Each structure stands twice: as structure tokens, then as C-alpha cells.
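Step one of this worksheet: look at the structure below.
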Amino acid sequence: MQKKLLGMFLGVSLFLVIILSIYIIKNSVREDIIKKEVAGQRIEYYTRNYFRSLEDIKIDTATEQIALSISFIPEVGSYPIKEEIFQNIAYHALQITTFFPEVNKFNYIVLWDDNTKQKTLDLTIDEDAINGLSDIYFNEEINQSNGLETSYKNIFSSIIETEESKSWRDKINTDSDTP
């Protein structure tokens, strides 16, 4: 009788251990999904507040990493200056990667003209560029504070320009009457 009870106890214990293991594994998978969703919501909230004229944001969490695709109309004064646009985008990417290191790719689409919203710049920061993002960004900030030339475009792994963006100024011309 005791052997039967002991066998039944071992069988029930084994069954409970298997059920508990399945529950823990399912919870860890669900926990990862929830973490990605929360990260995506926070990234979207920050991005909507950072780019006042945000057109669209897509967050791809299908893989282990997170990829962002953002399209927006830049805030510019009288003339668009690419170096300032590059700096603003680089700062956004730096802030995102600081708080969400699982982000491994950024794609920024700069639109122009509130009515037509034509694509003028397509900027990509891939995983290799993300690894050097903070170093390049802070070196350019040091150059800027020391009055030296900056080149924030070095942060991007790919820059595709249209004819419209090629007509924009690269940097501020201090000798010009207009900005």
C-alpha cells in the first residue's frame, strides 16, 4: 500500500513539476513580449514629443531586436540646414539607444512641404553605426562648442538625398546676410 501511495505521489509530483515548468516557460516568453510592447510604447511616446511634425512611426519587434522607421517634417527657420537636421536626428537616436539598447536600426525619412509631404532625405543608422553613435555624436558636440566644423552626417550608415535636399545648405554660413 505504501509503495502504491509513494508511486502515486511521485507521479503526481512529476506531473506538477512538468505543469509548473510549462507555466514558467510560457510566462518568460509572455514577459519578453510585454517588455517589447512597453518599450515600443515608450519609444513612440518619446518620438511623438520629440518630433512635433511627426508623420509616421513604425516599430518592428518581430525579431530579438527592435527597428524604428520614422517619417517627419523638420522644424526649420527660413532655410533648411542639413547639419542641424542631422544633429537633431542623431540626438533622437542617441536618446533612444541610451534607454533602449535593444534597438538595432533606425530609418528616418525627412519630408518636406506640409501639403505634398514629399520625401527629401532617407537616413539610416544600422547596428554598426549605432555602436559608434555616442562617440561620434559627442565628438561633434565638442567640435561645435570649440567653434570647429561639425559633420553629424558621419553618424549615418546611409544617406539618400533628393534634388530638393541637395538645394539645402549643408551648414550655416556666417558670412551670409541670410542664415
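Positions are given from 1, in the same order as the sequence printed here. Everything numeric here is computed off the predicted structure, so don't read it as measured data.
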If you look at every heavy atom in [X] and [Y], which pair is closest and at what distance?
X      : Y      : value
Lys153 : Glu83  : N-OE1, 4.5 Å
Glu140 : Ser151 : OE1-N, 2.8 Å
Asp122 : Lys119 : OD2-NZ, 3.2 Å
Pro74  : Leu111 : CD-O, 3.2 Å
Ala90  : Leu133 : O-CD1, 4.3 Å
Lys166 : Lys82  : CA-NZ, 4.1 Å

Distance check, rounded to the nearest 0.5 Å: [X] atom [atom1] versus [Y] atom [atom2]?
X      : Y      : atom1 : atom2 : answer
Ile70  : Ile57  : CD1   : CD1   : 4.5 Å
Ile155 : Ile125 : CD1   : CD1   : 6.5 Å
Ile89  : Leu94  : CD1   : CG    : 13.5 Å
Ser167 : Trp112 : OG    : CH2   : 9.0 Å
Thr61  : Lys35  : OG1   : NZ    : 14.5 Å
Ile73  : Thr120 : CD1   : OG1   : 9.5 Å

Report the relative orientation of the aromatic rings in His92 and Tyr108; use parallel for angles under 30°, tilted for 30 to 60°, perpendicular for over 60°. perpendicular
Between [X] (side chain only) and [Y] (backbone N and O only), is there a donor and an acceptor less than 3.5 Å apart?
X      : Y      : result
Glu127 : Lys105 : no
Tyr50  : Asn88  : yes
Ser157 : Thr124 : yes
Ser165 : Glu161 : no

Within one Ile-Leu-Val-Met-Phe-Trp-Tyr cluster: [X] and [Y], side-chain cutoff 4.5 Å:
X      : Y      : value
Ile59  : Phe106 : yes
Phe156 : Phe138 : yes
Phe99  : Ile66  : yes
Ile85  : Ile109 : no

Polar side chain donor-acceptor pair, Gln144 to Tyr152, under 3.5 angstrom: yes
List the steps and the verdict of side chain to side chain contact (heavy atoms under 4.5 Å, CB included) for Thr150 and Phe86. CA-CA 11 Å; Thr150 60; Phe86 294 157; over 6 Å; no
Does the ring center of Phe72 lie less than 6.0 Å from the ring center of Phe51? yes
Intermediate values then yes/no, side-chain hydrogen bond (donor to acceptor under 3.5 Å, both in side chains), Tyr46 and Gln41: CA-CA 9 Å; Tyr46 174 74; Gln41 288 172 352; over 6 Å; no
Are the charged groups of Glu55 and Lys117 less than 4.0 angstrom apart, N to O? yes
Asp60/Lys58 ion pair, N-O < 4.0 Å: no
Step by step, work out the side chain to side chain contact (heavy atoms under 4.5 Å, CB included) result for Ile96 and Ile43. CA-CA 7 Å; Ile96 296 292; Ile43 291 168; 3.9 Å; yes
